Amino acid sequence: MNQMTPPTQPDPIQPSAVSVRGLRKRYGALEVLKGIDFDARRGEVVSILGSSGSGKSTLLRCINMLEIPEAGTVTVDGTEIALVAQRGGGRRPADARAMDRMRARIGMVFQDFNLWSHKTVLGNVIEAPTHVQKRPRADCIAEARALLDKVGIADKADQYPARLSGGQQQRAAIARALAMNPTVMLFDEPTSALDPELVGEVLRVIRALAEEGRTMLIVTHEINFARDISDTVVFMNEGVIEESGPPEEVFAPGNNTRLARFIEG
Amino acid sequence: MDFEFLGQTFLKLLPGIPVTLELATVSLLLGACLALVFAVIRVRRIRPLNWLVIGYVYVFRGTPLLVQLFIIYYGLAQFPEIRNSFAWTYLREPYWCALLALVLNTAAYGSEILRGALLSVPRGQIMAAQACGMSGLLLFRRISFPIALRQALPAYGNEFILMIKATSLASLVTLADVTGIAARIIAETYRPVEVFVAAGTIYLTICYGLILLVRLAETRLNPDQRDPAPVARVGAARKEVTP
């Protein structure tokens with residue numbers, strides 16, 4: 001194991017898939033993340049709950065550096081992405097290529113799917129494996145078809161995203177992320193942009209992935225779903241993690257916290 | 001109208017077509033390459049080049065092509081530095097002066113079309129590419145540019161057509177394109193109506209062919225927007241496809 005983990009690592013015997021220390025992020029005067037410490041073990045399914053504006057999506061985006069945090073470290077699979085101060089404030093990755101390599105090992109599923117509109121579903125799924133990982137095209141196609149079958153849209157392989165329903169697009173986006181064989185999967189509100197009747201098909205796919213033992217961080221508003229599939233539930237409020245633990249503890253009756261009030265609505 | 005004379009004139013104008021087409025094709029190709037470079041400079045805000053491009057676009061969009069052509073053709077010769085440089089072998093030829101004016105003019109318009117198209121690429125699709133480990137040239141080549149191209153094509157098709165017609169100005173610096181030959185025939189015969197009708201027909205035909213080509217390219221690049229029902233074909237208004 002390539003161990004470059006900081007001394008703050010809580011449990012060196014069980015190395016973290018994702019480890020976040022002292023993460024801070026602000027947009028102008030608004031501090032969105034106010035010092036986040038967070039770990040996800042290998043194979044752990046973590047749901048991140050919280051009202052909108054609590055910083056949960058920002059936390060997810062900081063993990064693959066789609067947002068660059070002002071302070072703190074992110075370590076994925078034992079590798080920390082070094083950030084250096086840049087002129088005019090903020091930080092930037094010290095080595096852009098290292099950041100690209102790290103991103104290639106993190107699968108991300110967006111709220112708005114963000115499939116590439118000029119490519120077919122199959123084209124979307126094989127794009128990064130063929131051009132980032134530079135694997136043989138034939139292998140990638142075979143693997144992509146298997147993944148599309150797994151998410152239940154094998155028959156849509158040659159369609160363009162615009163012809164698909166939201167649920168189908170999101171499942172295609174999940175297949176695209178899986179095609180890179182990522183060590184961690186990030187889901188940023190994967191069902192929030194979907195019509196209610198399409199939520200189920202996407203949640204079923206995510207649940208199947210959770211049962212495979214994949215490391216997954218899921219930002220979601222689906223509380224029952226989070227309770228069912230998570231090993232750990234994290235509740236964020238105003239840029240801090242307010243509660244974190246196994247769902248049976250966090251959702252225990254009589255747990256009269258802000259989370260309980262959040263669930264009550 | 002004298003149809004026999006019209007037919008004769010038409011035949012006399014035909015040798016001008018290759019000149020017109022060559023001027024248009026070469027200037028559009030070179031202009032598009034320059035336009036792409038300029039558009040990227042603008043979108044990425046690469047300073048100080050960004051400021052130069054803004055100034056260049058401002059000048060070339062704000063002045064008539066004819067004025068630009070005359071400044072290049074008549075104006076550059078005033079500078080001994082240019083007359084003594086190797087560029088003079090080209091710049092003393094009216095053909096190269098016309099080409100230079102056309103290239104610089106279309107590059108200015110093209111860069112604005114492409115800049116708008118690049119800016120219209122949905123941010124989410126770029127983020128998705130970044131999240132897969134793409135960046136720099138790879139991301140541009142595989143994601144941003146193909147999406148921008150599809151956005152730009154209708155507007156750029158318009159620019160193609162404008163450029164076909166703009167080549168007619170080259171006749172004013174003595175080039176024997178369709179309009180140049182037409183002007184010569186009018187000077188000999190004093191019968192402008194037939195001659196210009198013949199010349200106009202030629203431009204109309206070229207432009208119509210170009211419109212068909214652009215439409216073909218649009219359909220090929222946007223297969224998802226192809227009408228599934230064979231009801232509305234070329235010529236009919238494109239139907240909005242609901243997924």
Side-chain angles (χ1 to χ4, degrees), chain A residues 60-61 63-67 93 96-121 123-134 156 158-166 168-169 172-173 176-180 182 185-186 188 193, chain B residues 36 44-48 50 114 116-156 216-230 238-243:
Chain A
L60 217 56
R61 277 152 198 264
I63 289 172
N64 66 359
M65 298 289 159
L66 284 180
E67 303 282 356
R97 286 185 186 282
M99 183 177 67
D100 285 344
R101 279 196 299 274
M102 184 208 64
R103 282 172 169 171
R105 302 206 328 261
I106 305 174
M108 179 128 187
V109 174
F110 297 86
Q111 182 176 349
D112 303 320
F113 333 130
N114 292 338
L115 291 173
W116 297 307
S117 53
H118 62 301
K119 292 189 177 295
T120 61
V121 168
N124 267 273
V125 179
I126 64 168
E127 177 64 26
T130 50
H131 287 94
V132 177
Q133 293 177 331
K134 298 194 167 44
K156 304 289 180 194
D158 300 318
Q159 295 276 351
Y160 282 83
R163 290 284 175 88
L164 267 54
S165 75
Q168 290 167 340
Q169 288 191 52
R176 172 175 71 178
L178 289 172
M180 297 290 277
M185 285 283 280
L186 309 178
D188 187 6
Chain B
L36 183 61
R44 296 272 161 91
R45 293 164 202 235
I46 304 169
R47 268 172 282 197
N50 189 24
L114 292 177
L118 284 170
L119 289 176
S120 77
V121 175
R123 176 96 191 90
Q125 294 189 33
I126 293 174
M127 267 202 306
Q130 290 172 328
C132 289
M134 290 192 190
S135 63
L137 199 61
L138 178 68
L139 198 157
F140 184 78
R141 188 167 60 82
R142 299 291 310 173
I143 308 295
S144 313
F145 180 67
I147 296 173
L149 188 66
R150 284 158 176 79
Q151 290 279 349
L153 205 55
Y156 223 110
L216 188 72
E218 270 183 64
T219 340
R220 293 202 68 160
L221 285 176
N222 300 302
D224 56 320
Q225 279 160 33
R226 232 178 262 160
D227 201 325
R238 195 196 297 261
K239 266 191 194 162
E240 215 34 62
V241 179
T242 42

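Chain letters run A, B, ... following the sequence lines, proteins first, then strands; residues in each count from 1. Computed from a predicted model, the values in this text were never measured in an experiment.
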Tell me which of these, A:M65, A:R103, A:R101, has more heavy-atom pairs under 4.5 Å with chain B than the rest. A:R103
Top contributor to chain B contacts, counting heavy-atom pairs under 4.5 Å, from A:Q111, A:Q159, A:H131: A:H131
If we only count heavy atoms from C-beta on, is the B:R142 to A:K119 side-chain gap below 4.5 Å? yes
Of all of A:N64, A:N114, A:D112, A:V109, which one pairs up most often with chain B through heavy atoms under 4.5 Å apart? A:N114
Under a 4.5 Å cut-off applied to non-hydrogen side-chain atoms, are B:I143 and A:H118 in contact? yes
Main-chain N/O of A:L66 paired to B:Q130 side chain as donor or acceptor, under 3.5 Å: no
Rounded to the nearest 0.5 Å, what separation is found between the SG atom of B:C132 and the CG atom of A:D100? 11.0 Å
Who wins among A:L186, A:T120, A:L115, A:I106 for the most heavy-atom pairs under 4.5 Å with chain B? A:L115
Are more than 12 heavy atoms from other residues, nucleotides or ligands located less than 6.0 Å from atom CZ of B:R141? yes
Checking A:R105 against chain B: side chain, backbone, both or neither under 4.5 Å from a heavy atom? neither
Option that, when pairs with chain A are counted at under 4.5 Å, heavy atom only, ranks first among B:G133, B:A131, B:P122: B:G133
If you count heavy-atom pairs under 4.5 Å between each of A:M99, A:M108, A:E127 and chain B, which one has the most? A:E127
A:R61 versus chain B, heavy atoms under 4.5 Å apart: side chain, backbone, both or neither? side chain
Could you report the tightest heavy-atom contact between B:M134 and A:W116, atom names first, then the distance? CE-CH2, 4.4 Å
